[in-house]
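Structure first, commentary second.
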Amino acid sequence: MTEHARTTDVLIVGAGPTGLTLGIDLARRGVDALVLERAGELFPGSRGKGLQPRTLEVFDDLGVLPAIRAAGGTYPVGMVWQDGKRAGEHHMSEPAVPTEASPYEEPWMVAQWRTQRILHERLTELGGEVAFGSELTGLTQDEDGVTARLADGRTLRARYAVAADGGRSVVRRSLGIGMTGEDVDPQPCLVADARITGLDRDNWHIFPPRGDDSFLAICPLAGTDEFQVVARFPEDATVDTSLEGVRKVVAARSHLLPEDVTEVLWASDFRPRMALADRFRDGRVFLAGDAAHVHSPAGGQGLNTSVQDAYNLGWKLGAVLRGGADASLLATYEEERRPVAAHMLGVSTGVHRGEVRRGQATRQLGLGYRESSLSRETRPEPGPVHAGDRAPDARADGVRLFDAFRGPHWTLLTVGTDTGLPPLPLPTVRIGAHATYGTGVFLVRPDGYVGWAGTTAEGLAEYAEELRLA
Ligand SMILES: Cc1cc2nc3c(=O)[nH]c(=O)nc-3n(C[C@H](O)[C@H](O)[C@H](O)COP(=O)(O)OP(=O)(O)OC[C@H]3O[C@@H](n4cnc5c(N)ncnc54)[C@H](O)[C@@H]3O)c2cc1C
């Protein structure tokens with residue numbers, strides 16, 4: 001028998017936002033998991049800087065929202081510059097006002113490196129672990145588990161593995177799963193985190209192209225003294241990511257001098273692409289985050305969709321590994337997440353091409369799983385919240401629903417009815433009729449979507465039994 005360097009229940013490959021979020025969700029469920037990370041440290045750049053409202057709700061549930069709030073800020077209003085003068089404001093997004101049902105309506109800007117640090121701290125606090133400097137080079141699976149090979153020759157054994165290893169996923173390639181997609185834009189782009197003098201931090205500074213589509217935008221990164229510089233180049237250009245390269249493009253396209261860029265802390269080049277993995281699962285291995293879908297950065301959806309993948313998969317792995325649920329539950333991960341990823345790819349490509357406005361479409365609050373085999377709507381005439389929908393927040397009778405939902409459990413909610421309930425070992429909340437929900441009995445999943453909905457609890461016990469909640 002082969003000696004493995006370590007065995008674990010879930011091997012998560014990659015400590016980006018996806019791997020860290022999944023690590024947290026599994027750690028709080030008491031699932032033994034290990035996050036492998038090729039690099040010696042967390043990713044240092046700001047790239048996915050926009051946290052959408054739905055992601056803020058997830059972060060609230062995972063216990064990191066106060067830290068995320070403290071690390072960032074709201075998006076500044078765009079300021080268009082022409083010939084060194086302010087030519088007018090540009091609002092990037094439809095305005096949004098927080099409501100009782102959606103308390104975090106506005107996107108929140110946090111540099112990705114800070115989000116990752118906060119997630120990593122939370123993971124560590126919960127007893128989870130990232131093995132830095134551990135590169136996976138290949139993976140095989142059999143009926144009982146997965147064997148991963150590392151670059152240093154060690155092997156690891158796990159019951160399940162999750163590819164959270166980004167757009168160039170080694171895991172996806174070693175499984176032979178294809179990606180279908182296209183370049184969203186043939187023009188290469190530069191993205192850089194820089195310290196810059198001579199620009200205020202109250203606006204997102206936009207320097208429109210002067211004839212050759214050579215766009216430049218400089219955004220103050222909330223919660224830091226840095227700016228994120230994004231520049232687009234002609235199709236055949238080579239992007240220079242050095243300090244000199246960043247100085248050159250900033251000076252050529254704005255009123256700033258080269259020396260106004262005092263420091264470049266991180267820089268990268270990319271060509272906006274959209275692609276979707278042909279499958280999100282192969283046996284005991286799941287693809288999540290950029291390993292499963294890559295987006296144009298324009299709509300700010302890549303990181304957010306990735307976090308939602310991890311949040312969908314975490315409770316299902318926990319239910320199978322710790323809760324005695326049937327392993328068939330895991331099939332609902334691809335069933336639920338692949339259509340959402342396909343939809344969000346359409347949105348981010350649409351934003352990139354100027355066909356979709358940032359706002360309702362990009363906040364991810366309207367996403368849900370009505371068509372999922374896990375969603376059971378038993379009412380002939382459902383109210384405003386159907387089975388499969390996101391369970392909105394509400395305050396009634398001294399209860400805030402998001403407080404009741406917070407944690408790894410399911411929640412049984414009755415609204416405006418005193419109908420009898422089966423004796424399920426779940427937190428139960430009873431509130432009076434409420435405009436957001438209407439009336440009914442709702443079983444809310446650990447990831448905040450309604451699994452089952454009824455006028456009475458008839459059929460609820462059977463649903464709970466299927467999922468081993470009883
Ligand atoms: C230039 C750029 C700008 C972007 N801007 C935005 C934006 O504005 N908004 C937004 O929402 N998203 C944006 N994104 C996308 C966002 O950054 C990604 O969607 C997000 O990082 C995906 O998270 P992930 O954890 O799935 O993958 P990643 O963040 O790529 O993390 C994967 C991790 O896996 C590790 N890894 C890879 N291979 C191995 C291996 N073989 N063994 C062990 N570890 C491995 C990597 O080192 C890395 O740490 C941008 C992306 C880019 C490239």
Side-chain angles (χ1 to χ4, degrees), residues 11-23 34-52 54-55 75 92 107-113 115-116 119-120 130-139 148-152 156 161-174 188-193 217 219 221 228-232 239 241 266-275 277 286-310 313 341 344-345 347-348 351-352 358 362 364:
L11 188 66
I12 302 167
V13 188
T18 308
L20 294 168
T21 302
L22 182 61
L34 175 66
V35 185
L36 284 186
E37 173 53 52
R38 174 174 63 189
E41 56 186 7
L42 294 172
F43 173 74
S46 67
R47 60 188 202 190
K49 66 182 184 304
L51 300 177
Q52 298 297 339
R54 180 61 188 145
T55 306
Y75 272 73
M92 300 273 187
W108 193 248
M109 192 202 298
V110 187
Q112 183 168 330
W113 63 266
T115 298
Q116 291 196 208
L119 292 173
H120 183 234
V130 177
F132 286 102
S134 304
E135 180 179 359
L136 179 135
T137 51
L139 169 139
R149 283 185 311 282
L150 304 194
D152 60 13
L156 307 175
V162 180
D165 52 345
R168 299 201 172 95
S169 174
V170 170
V171 176
R172 188 185 67 235
R173 285 162 202 234
S174 72
C189 295
L190 162 82
V191 56
D193 296 349
C219 181
L221 283 166
Q228 187 189 57
V229 177
V230 174
R232 191 161 60 184
V239 178
T241 57
W266 169 83
S268 176
D269 64 319
F270 67 101
R271 204 178 288 269
R273 232 180 97 64
M274 64 98 106
F286 300 87
L287 307 187
D290 274 19
H293 41 77
V294 288
H295 300 249
S296 151
Q301 300 301 309
L303 183 152
N304 291 280
T305 308
S306 300
V307 165
Q308 309 294 333
D309 288 346
L313 185 56
M344 291 320 300
L345 281 171
V347 170
S348 47
V351 173
H352 190 109
R358 291 177 184 83
T362 52
Q364 302 212 351

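Numbering of ligands and ligand atoms starts at 1, following listing order.
Listed by number with element, the atoms of ligand 1 under 4.0 angstrom from any heavy atom of Val13 are 42 (N), 43 (C). Each of the following atoms of ligand 1 lies closer than 4.0 Å to a heavy atom of Glu135: 41 (N), 42 (N). Near Val170, the atoms of ligand 1 lying under 4.0 angstrom from a non-hydrogen atom of the residue are 41 (N). Close approach to Ser134 involves these atoms of ligand 1, each under 4.0 Å from a residue heavy atom: 42 (N), 43 (C). Every atom of ligand 1 with a heavy atom of Gly289 under 4.0 Å away is listed here by number and element: 26 (O). When each atom of ligand 1 is checked for a heavy atom of Asn304 under 4.0 Å away, the hits are 11 (O).
Shortest contact from atom 32 (C) of ligand 1 to any protein heavy atom: Ala164 O, 3.4 Å. From the protein, the heavy atom lying nearest to atom 47 (O) of ligand 1 is Glu37 OE2, 2.6 Å. Scanning all protein heavy atoms for the shortest distance to atom 19 (O) of ligand 1 gives Asp290 OD1, 2.7 Å. What sits closest to atom 42 (N) of ligand 1 on the protein, heavy atoms only, is Leu136 N, 3.0 Å. Atom 13 (C) of ligand 1 has as its closest protein heavy atom Gly48 CA, 3.5 Å. Closest to atom 1 (C) of ligand 1, if we only count protein heavy atoms, is Phe270 CD2, 3.1 Å. Atom 23 (O) of ligand 1 has its closest protein heavy atom at Pro17 CD, 3.4 Å. The protein non-hydrogen atom at the shortest distance from atom 27 (O) of ligand 1 is Gly166 CA, 3.7 Å.
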Carefully, step by step, assess Val239 and Phe270 under the rule side chain to side chain contact (heavy atoms under 4.5 Å, CB included).
CA-CA 9 Å; Val239 178; Phe270 67 101; over 6 Å; no

Would His293 and Asp309 count as a side chain to side chain contact (heavy atoms under 4.5 Å, CB included) here? Give the steps.
CA-CA 10 Å; His293 41 77; Asp309 288 346; 2.6 Å; yes

May I have the step-by-step check of side chain to side chain contact (heavy atoms under 4.5 Å, CB included) for Val130 and Ile12, ending in yes or no?
CA-CA 9 Å; Val130 177; Ile12 302 167; over 6 Å; no

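Met274 has its side chain out of reach of Ser348: every pair of non-hydrogen atoms, C-beta onward, lies at least 4.5 Å apart. Two residues are said to be in side-chain contact when any heavy atoms from C-beta on lie closer than 4.5 Å; Pro107 and Arg358 fail this criterion. The shortest side-chain heavy-atom distance between Arg47 and Ser268 does not fall under the 4.5 Å cut-off. Side-chain contact between Leu221 and Met109 is present, with at least one heavy-atom pair separated by less than 4.5 Å.
For the atom pair NE2 (His120) and OG1 (Thr115), the distance works out to 14.5 Å, reported to the nearest 0.5 Å. In this structure, CD on Gln301 lies 5.5 Å from OG1 on Thr362, to the nearest 0.5 angstrom.
At a heavy-atom distance under 4.0 Å, only backbone atoms of Gln301 (N, CA, C or O) approach ligand 1. Neither the backbone nor the side chain of Cys189 has any atom closer than 4.0 Å to an atom of ligand 1 (non-hydrogen atoms only). Residue Leu20 does not touch ligand 1, judged by heavy-atom distances below 4.0 Å. Only the side chain of Val191 comes within 4.0 Å of ligand 1, judged by heavy-atom distances.
For atom 34 (O) of ligand 1, the candidate residues are Gly14, Gly45, Ala131; the nearest heavy-atom contact is made by Gly14. For atom 29 (O) of ligand 1, the candidate residues are Arg173, Gln116, Arg47; the nearest heavy-atom contact is made by Arg47.
A pairwise comparison of heavy atoms in Gly50 and Tyr75 identifies CA-OH, 2.9 Å as the closest pair. Closest approach of Leu20 and Gln116 over heavy atoms only: CD1-O, 3.6 Å. For the residue pair Thr18 and Ala288, the shortest heavy atom distance occurs at CG2-CB, 3.6 Å. Nearest approach of Leu36 to Ser134, heavy atoms of both residues: CD2-CB, 3.7 Å. Residues His295 and Gly302 come closest through the heavy atom pair CD2-CA, 3.7 Å.
Taking any N or O of Leu303, backbone or side chain, at least one lies under 3.5 Å from an N or O belonging to ligand 1. The distance criterion of under 3.5 Å between nitrogen or oxygen atoms is met by Gly302 with respect to ligand 1.
Taking 4.0 Å as the cut-off, Ser268 does not count as a neighbour of ligand 1 on heavy-atom distance. At a 4.0 Å cut-off, not a single heavy atom of Phe43 sits close enough to ligand 1 to count as contact.
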